[in-house]
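Worksheet: the structure to be examined is printed underneath.
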Amino acid sequence: MTGYVLGRLAQAAVVMLVMSALVFLGVYAIGNPIDVLISPDATQDIRAAAIAAYGLDKPLWEQYFTFLGRILSGDLGRSFVYGMPVSELLLGRLPATLELTLTAIVGATIVGVPLGIYAGWRPHTTFSKLLMGFSILGFSVPTFWIGLVLIFVFAVELGWLPAGGRGATLHLFGADWSFLTVDGLKHMFLPALNLSLFKFAMMIRLARSGTRETMGTDTVKFARAAGLSEWTVLSRHVLRLISIPIVTVFGLELGATLAFAVVTETIFSWPGLGKLVIESITALDRPVMVAYLVIVSFVFIGINLAVDLSYAALDPRLRKGGGR
Amino acid sequence: MRDTPTGRFLAEFAENRVAAFAAVVVVAILLLAIFAPLFAPQDPYDLASLTLRDARRPPGWVGSTGIHHLLGTDSQGRDLLSAILYGLRISLEMGLAAGALAFVIGALLGTGAAYAGGRIEALVMRIVDLQLSFPAILLAFVLAALLGQGRGPLITALVAAQYAYFARTAHGAAASERQKDYVEAALSVPLAAPRVVLRHILPNCLPPLIVVATVQIAAAVSLEATLSFLGVGLPPTEPSLGMLISNGFQYLLSGRYWISIYPGVALIILIVAINLVGDQLRDQLNPRLKR
């Protein structure tokens, strides 16, 4: 078990290194940021001074190692555009993305799983068929277009909810949060709904197929034979049996939602990480791009590692030797 | 016709009314896209025929040049129906090109790895698995952003994001084929390894790959639209459906819904229809679900 854990840790470290190098190289290839930073009629001296100040005159490998060293010490460089440390910039935007993605994924799970269990419990009712049809739509229709429709219907036509922005925020634990104010919640509703639809469809499908499989097992037969009500069977036994894949997907989707947030945040002008990275790509703000991409890759590698390790803890074949 | 394998396959497919209808829709859209110049009331790229007097007019507007704009016009006075037909063309080209390329690369990689076995197999499949754990949208987005706008970069980004699905499927199918006697027989003839892989193993892996292909083409079209919407896909000179939707976004807030909504409807009809066809193909090609 220890060997397996160490192996996986080493593997994750190698992957992180490779990812950071790829991202750094890729970003370096994307045009010269100095053209964006300095007006074309600046003197040669000003240009040279700016290039030296940002370290753009050094060879590529040297820039990469400086970058790697700085990352390890928690320094992600300074944004060309904002002129402030990238770590500060990213941390400032993180709460907005965090509350949006968490609301979306928790909401999708809380609503989607019971509906999916129902669809698996009574697969042939009209409602279940409607649910499955809806989940196909949720998978097929691109997120950004649903976002547009939501804005058009609820913000433009009905005027019930705002079309973008974060609304009023409340300062707590050193960050601003929208979910603590009524205005903020109003602003969060549409983007969170938009972001959650894909997960919602997935949770319905997952819960449904799990429930359908479980309904035929001895566990359910015996529970029914013991005279338990259908409600008790579903909520006490079925839910528990199908929860393992759901929890796994919940964890993995946390990272995927972060990626999808790029789209939703752009549409709803939600000032989170995703909107920041889109802006930094158009502005060729290299340090911000690199830092965002590296951090997101790391989050993913971390999540995968956690999933692998928790499987190792759950799977007796891998647990052998390290168990109770 | 019913007695040939193809005939039986088609008959079984047609039994599912929804899938049959979806297949008809897909074919119709393909024809509309291929023959767009014949169906479109206007050539949307012919700037001389556009006039700003007709800009942002609602559906049903009769333009100053006498064209009946069934779906309205965009911000440059372009007939939206024509723009959608030409946009479908670009979206489908990108989706099909990326899907085909990802299919070939993934299939070769998957079957090749299954045939080679040992360390090569472990390494290739480890990379594929690693990539599958990242969401395709993130990978495509990062690559498209790094490579810049254009057809080449976009297709590269889509293929890089999607080949892994084909590789995983091909590997799964090929690994079980590899164990079968006919492969041993072919190898002992002896036939060259590439020939065995391409002529004998690969054809037997095609059914699951075809299912993946339909789903992935739909996904590629959707991804392309998303990337173009975000401004990292195709340049504005090649308005795919995603670009059309993006162009209309700013007018959506003032209630001019048609510029964004109708290209989106076209996109969704296309994606949902392809997915429905894919669902039915999966049911038919999966031997475990056979009645």
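Protein chains get the first letters and strands the later ones, always in sequence-line order, with residue 1 at the start of each.
For A/Phe154, the ring pair (Phe, Tyr, Trp, His ring centres under 6.0 Å) test picks out no residue, with sequence neighbours left out.
Chosen from A/Val149, A/Ile151, A/Ile267, A/Val263, the residue pairing most often with chain B at heavy-atom distances under 4.5 Å is A/Ile267. With respect to chain B, the highest number of heavy-atom pairs below 4.5 Å among A/Thr143, A/Ile278, A/Val277 belongs to A/Ile278.
Proximity to chain A among residues 218-231 of chain B is limited to B/Ser222, B/Ala225, B/Thr226, B/Phe229, B/Leu230, judged by heavy-atom separations below 4.5 angstrom. Residues of residues 268-275 of chain B that come closer than 4.5 Å to chain A, counting heavy atoms only, are B/Ile268, B/Ile271, B/Val272, B/Asn275, ordered by residue number.
B/Val265 touches chain A through backbone and side chain together, each having a heavy atom under 4.5 Å away.
Counting heavy atoms of neighbouring residues, nucleotides and ligands inside a 6.0 Å radius, atom CD1 of B/Ile120 does not exceed 12 of them.
Atom CH2 of A/Trp145 sits about 8.0 Å away from atom CD1 of B/Ile245, to the nearest 0.5 Å.
Among residue pairs with one or both ends in residues 211-220 of chain B, those qualifying as side-chain hydrogen bond (donor to acceptor under 3.5 Å, both in side chains) are B/Gln162-B/Gln216; sequence neighbours excluded.
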